[in-house]
Asker: 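Pasting in a structure now, in structure tokens, and then I'll have a few things to ask.
The chain is numbered in sequence order, starting from 1. Quick caveat, the model's predicted, so the values are computed rather than measured.
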Amino acid sequence: MKKLLGYILSPIAIIVFLLILCIFQPVQWLCLKLGGYKAHKASVDVLNFFLTKCILILGDTVVFTNDQQLPKGRPIIFVANHQSLLDIPPLIYYLRDYHAKFISKIELTRNIPSISFNLKHGGGANIDRKDARQSIMELSKLGTRMKENKWSTVIFPEGTRSKNGKVKTFQAAGIATILKKCPEALIVPIAINNSWKVVQYGLYPLNSFTKVMLDVLAPIEPAGRPADEVVLETENRIKDFLKQA
């Protein structure tokens with residue numbers, strides 16, 4: 001039944017999603033030109049609020065839970081498992097107070113309304129996976145911006161999305177590179193559950209009446225510890241929360 005409803009509701013949700021992207025392309029440009037970083041960020045926050053709410057059309061819901069007393073004014077590396085592209089809008093919106101930047105494939109900086117513009121001008125890192133040197137340099141620059149501006153970042157250390165919700169092995173290299181430039185950053189795990197179910201049949205049909213959950217877990221102090229050890233602890237905390245061995 002959920003899949004059947006998805007066939008009916010998906011075209012509406014997809015059209016609304018694309019319409020929001022097109023509307024906010026000139027809005028972002030105008031905010032950046034007239035108000036600089038602060039105004040542009042505000043427009044991106046509003047954009048991602050609407051993108052997050054799009055799945056209500058399908059009867060899907062997003063529940064973001066943060067019971068942690070996280071510091072503001074200190075850089076944070078939010079480390080999450082990755083299940084679908086639907087993970088990103090709620091993370092941007094709900095972590096807006098922490099100025100969370102994303103690490104993205106450089107290909108995404110071209111030809112996608114609103115998304116490409118934000119990736120170019122939002123302060124994140126756009127990496128070329130075929131060029132290790134460029135990737136390291138971009139991550140180092142991001143770490144420096146985090147240190148200077150007290151920004152945060154979101155990183156998906158699995159490298160690719162999990163199509164069945166099973167958490168893949170976390171890679172430590174990206175986090176290690178950022179910590180070298182921003183050693184005062186705090187590590188905060190985020191467990192994402194069920195977003196893979198929304199897209200388990202692909203973009204059509206999108207699944208309906210699915211509850212997507214994002215839970216912020218207890219922070220980890222990385223100071224003085226090897227990055228590999230910290231990343232493994234982060235991975236295990238997320239697996240434990242999701243009840244995965």
Side-chain angles (χ1 to χ4, degrees), residues 13-55 62 64 72 75-80 82-129 131 134-135 137-157 159-161 174 178 182 185 188 190 192 195 198-199 203 212 214:
I14 291 169
I15 289 171
V16 171
F17 189 92
L18 293 175
L19 184 60
I20 292 169
L21 292 181
C22 291
I23 290 171
F24 273 86
Q25 173 76 18
V27 171
Q28 282 191 72
W29 180 88
L30 191 62
C31 287
L32 182 64
K33 294 299 181 183
L34 297 181
Y37 170 80
K38 186 175 181 179
H40 176 240
K41 182 187 177 300
S43 72
V44 172
D45 293 342
V46 176
L47 162 66
N48 283 281
F49 168 81
F50 285 114
L51 293 180
T52 298
K53 298 303 180 183
C54 267
I55 66 171
V62 174
F64 183 89
K72 292 183 180 178
I76 297 174
I77 302 175
F78 292 99
V79 182
H82 194 19
Q83 297 187 350
S84 79
L85 291 175
L86 297 175
D87 301 337
I88 297 173
L91 287 172
I92 294 175
Y93 177 70
Y94 288 110
L95 298 176
R96 61 192 183 278
D97 289 345
Y98 303 98
H99 295 258
K101 309 305 175 184
F102 277 73
I103 299 162
S104 306
K105 296 184 294 185
I106 199 168
E107 294 88 345
L108 298 178
T109 63
R110 297 185 289 269
N111 304 320
I112 307 173
S114 283
I115 293 173
S116 294
F117 189 90
N118 182 43
L119 291 178
K120 286 180 181 177
H121 302 285
N126 303 307
I127 64 173
D128 184 347
R129 292 185 175 181
D131 188 338
Q134 184 271 354
S135 297
M137 288 180 64
E138 281 296 302
L139 291 172
S140 295
K141 290 176 184 177
L142 173 60
T144 300
R145 288 193 293 272
M146 290 171 61
K147 183 179 179 67
E148 292 175 348
N149 299 294
K150 308 303 180 186
W151 288 350
S152 297
T153 191
V154 176
I155 188 167
F156 300 119
T160 58
R161 298 186 294 275
I178 293 172
C182 189
V188 176
I190 297 180
I192 297 175
S195 75
V198 179
V199 294
L203 287 179
V212 177
L214 301 91

Asker: Ignoring hydrogens and angles, tell me if any N or O in the side chain of Arg96 forms a donor-acceptor pair with the backbone of Val46 under 3.5 Å.
Answerer: no
Asker: Is Ser114 reaching over with its side chain to a backbone N or O of Gln25, donor-acceptor style, under 3.5 angstrom?
Answerer: yes
Asker: Could you label the plane-to-plane angle of the His121 and His40 rings as parallel, tilted or perpendicular, counting under 30° as parallel and over 60° as perpendicular?
Answerer: perpendicular
Asker: Which residue pairs pass the salt bridge (charged side-chain N to carboxylate O under 4.0 Å, His left out) test when at least one of the two sits in residues 41-54, sequence neighbours left out?
Answerer: Lys41-Asp45
Asker: If you look at every heavy atom in Asp87 and Ile192, which pair is closest and at what distance?
Answerer: OD1-CG2, 3.4 Å
Asker: Can you name the side-chain hydrogen bond (donor to acceptor under 3.5 Å, both in side chains) partners of Lys147, sequence neighbours left out?
Answerer: Glu184
Asker: Does some side-chain heavy atom of Gln28 sit less than 4.5 Å from a side-chain heavy atom of Val44?
Answerer: yes
Asker: Hey, are the side chains of Ile88 and Phe156 touching, using non-hydrogen atoms and a 4.5 Å cut-off?
Answerer: yes
Asker: Any non-hydrogen side-chain atom of Pro157 less than 4.5 Å from a side-chain atom of Val79?
Answerer: yes
Asker: Is it the case that atom CG in Leu34 sees more than 12 heavy atoms from other parts of the structure closer than 6.0 Å?
Answerer: yes
Asker: Report yes or no: does Ser116 contribute a side-chain atom to a donor-acceptor pair with the main-chain N or O of Arg110 at less than 3.5 Å?
Answerer: yes
Asker: Taking Lys101 for the side chain and Gly122 for the main chain, is one N or O donor matched with an acceptor at less than 3.5 Å?
Answerer: yes
Asker: State whether the side chain of Gln83 and the backbone N or O of Val199 hold a donor-acceptor pair below 3.5 Å, judged by distance alone.
Answerer: no
Asker: Answer yes or no: are there more than 12 heavy-atom neighbours, outside Asn111 itself, under 6.0 Å from its atom CG?
Answerer: no
Asker: Determine whether more than 12 heavy atoms belonging to other residues, nucleotides or ligands lie under 6.0 Å from atom CZ of Phe64.
Answerer: yes
Asker: Return the minimal non-hydrogen interatomic distance between Leu91 and Phe102, and the atom names on each side.
Answerer: CB-CZ, 3.8 Å
Asker: Closest heavy-atom contact between Ile127 and Ser135?
Answerer: CB-OG, 3.7 Å
Asker: Hey, do the aromatic rings of Phe78 and Tyr98 have their centres closer than 6.0 Å?
Answerer: yes
Asker: Checking side chain to side chain contact (heavy atoms under 4.5 Å, CB included) for the pair Ile190/Val154: CA distance, chi angles, key distance, verdict?
Answerer: CA-CA 9 Å; Ile190 297 180; Val154 176; 5.8 Å; no
